[in-house]
Amino acid sequence: MTYTHHPLRVVTLFSGYDSQCMALDRLKRANPDFDYDLVAWCEIDPYAIQAHNAVYPQYADRNLGDITKVDWDNVPACDLITWSFPCQSISSAGLQHGLSEDSGTRSSLGFNAVHGITTLRPKYALMENVKALVSKKFMPDFQKLQDYLSEAGYTNYWKVVNATQCGVPQNRERVFMVSILGDHQPYRFPDPESRG
């Protein structure tokens with residue numbers, strides 16, 4: 001894959017210390033033709049911000065802060081948004097208060113992320129969350145998130161993936177969703193890696 005125009009412009013929401021950028025760094029090391037620029041990131045936890053600034057000091061001034069207060073019209077254009085929104089309100093380890101729109105739960109911040117995506121309209125959006133998101137209890141709200149993206153022209157592809165299928169020695173299931181704007185080849189999740 002050769003990029004002749006500009007680096008992949010990336011916005012990460014609920015960034016933490018930005019493991020998403022770490023994955024892009026690995027991709028960059030494996031393919032010298034690939035490059036990216038983190039045009040904005042979004043985090044409020046002071047310890048996560050401190051860690052992010054330690055790992056990526058060059059992006060310290062690009063934190064959007066509180067996602068509920070972001071003026072999306074002033075966020076730079078981007079090609080990819082990642083949004084691993086808080087799972088505390090849907091996780092089996094949490095109180096399971098849910099993620100209904102306007103409920104005020106931490107997990108309902110996923111709707112703020114979708115608003116950002118439908119405003120900025122990147123070609124790609126990548127979501128990751130706990131498997132409970134696709135459970136019977138929370139599937140209606142997950143479907144509503146998808147419906148908002150579909151209405152904005154995105155096609156959504158989701159799958160539950162276990163870390164053990166990706167060469168990681170950890171039994172951890174997560175749901176991933178790839179959303180692609182406009183015309184494109186159908187997306188297919190990579191085949192599980194064989195362990196041996």
Side-chain angles (χ1 to χ4, degrees), residues 1-3 5-72 74-91 93-94 106-117 119-131 133 161-180 189-190 193:
M1 186 181 302
T2 302
Y3 292 85
H5 300 292
H6 56 72
L8 184 73
R9 299 166 300 184
V10 179
V11 171
T12 62
L13 306 179
F14 316 105
S15 305
Y17 56 79
D18 240 327
S19 57
Q20 298 88 337
C21 286
M22 292 179 179
L24 292 170
D25 289 338
R26 289 185 69 178
L27 185 60
K28 187 175 176 178
R29 286 193 296 274
N31 183 353
D33 291 330
F34 172 79
D35 200 7
Y36 78 94
D37 182 26
L38 182 64
V39 298
W41 55 288
C42 190
E43 181 57 62
I44 60 167
D45 182 270
Y47 296 109
I49 292 170
Q50 187 177 11
H52 196 288
N53 290 342
V55 177
Y56 295 107
Q58 69 272 36
Y59 302 131
D61 62 344
R62 298 182 182 183
N63 185 6
L64 301 172
D66 186 342
I67 195 168
T68 66
K69 298 183 170 109
V70 173
D71 179 358
W72 296 106
N74 286 321
V75 175
C78 61
D79 308 297
L80 167 67
I81 288 180
T82 67
W83 56 298
S84 300
F85 61 95
C87 66
Q88 290 95 325
S89 311
I90 51 179
S91 171
R106 287 182 53 102
S107 296
S108 70
L109 294 172
F111 287 94
N112 295 88
V114 165
H115 177 65
I117 293 165
T119 302
L120 293 173
R121 299 180 63 78
K123 179 68 177 177
Y124 306 100
L126 173 64
M127 184 219 74
E128 173 270 336
N129 215 297
V130 294
K131 183 184 177 183
L133 180 61
V161 178
N162 194 318
T164 59
Q165 300 172 321
C166 304
V168 177
Q170 189 176 39
N171 188 28
R172 182 178 291 237
E173 290 182 303
R174 292 291 184 265
V175 59
F176 289 85
M177 183 168 72
V178 175
S179 303
I180 306 176
F189 282 88
E193 291 185 14

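Side-chain atoms are counted along with the backbone in the values below, which use heavy atoms only and exclude waters and symmetry mates.
Within the model, atoms CG of L120 and CD1 of I81 stand 4.5 Å from one another, a figure rounded to the nearest 0.5 Å. Atom CZ of R121 and atom CG of D79 lie 14.0 Å apart (nearest 0.5 Å). Atoms CG and OG1, on D71 and T119 in that order, are 9.5 Å from each other to the nearest 0.5 Å. Here the CZ atom belonging to R29 is positioned 12.5 Å from the CG atom belonging to N31, to the nearest 0.5 angstrom. Distance check: L64 CG to K69 NZ gives 13.5 Å after rounding to the nearest 0.5 Å.
Here the side chains of Y36 and C21 are in contact, with some heavy-atom distance below 4.5 Å. With a 4.5 Å cut-off on side-chain heavy atoms, F189 and V178 count as touching. Side-chain atoms of P122 and I117, non-hydrogen and from C-beta on, do get closer than 4.5 Å to each other. Residues L24 and F34 meet the side-chain proximity criterion, which asks for heavy atoms closer than 4.5 Å. Contact of the M177 side chain with the L126 side chain is not registered, since no non-hydrogen atoms from C-beta on lie closer than 4.5 Å. Residues L80 and Q20 are not in side-chain contact: their nearest non-hydrogen atoms beyond the backbone lie 4.5 Å or more apart. The shortest side-chain heavy-atom distance between N112 and F14 does not fall under the 4.5 Å cut-off. By the 4.5 Å heavy-atom criterion applied to side chains, M22 and V55 are counted as neighbours.
No more than 12 heavy atoms of other residues, nucleotides or ligands sit less than 6.0 Å from atom NZ of K131.
Closest approach of A77 and V39 over heavy atoms only: O-CG2, 3.9 Å. Heavy atoms only, all atoms of each residue included: C42 and G65 are closest at SG-O, 3.0 Å. Scanning both residues, K28 and D35, for their nearest heavy atoms gives NZ-OD1, 2.9 Å. Scanning both residues, V175 and M127, for their nearest heavy atoms gives O-CE, 3.8 Å. Closest non-hydrogen pair, L38 versus R62, comes out as O-NH1, 2.8 Å. Smallest separation of non-hydrogen atoms from V75 and A40: CG1-CB, 4.3 Å.
W72 and H115 have perpendicular rings, their planes meeting at more than 60° on a 0 to 90° scale where under 30° would count as parallel.
Using a cutoff of 4.0 Å between basic side-chain nitrogens and carboxylate oxygens, R9 and D37 are not scored as salt-bridged.
The closest donor-acceptor contact from the side chain of E128 to the backbone of F176 lies at 3.5 Å or more, if one exists at all. At least one donor-acceptor pair under 3.5 Å links the side chain of W41 to the backbone N or O of Y59. Although no hydrogens or angles enter the test, the distance criterion places no donor-acceptor pair under 3.5 Å between the side chain of D66 and the main chain of I44.
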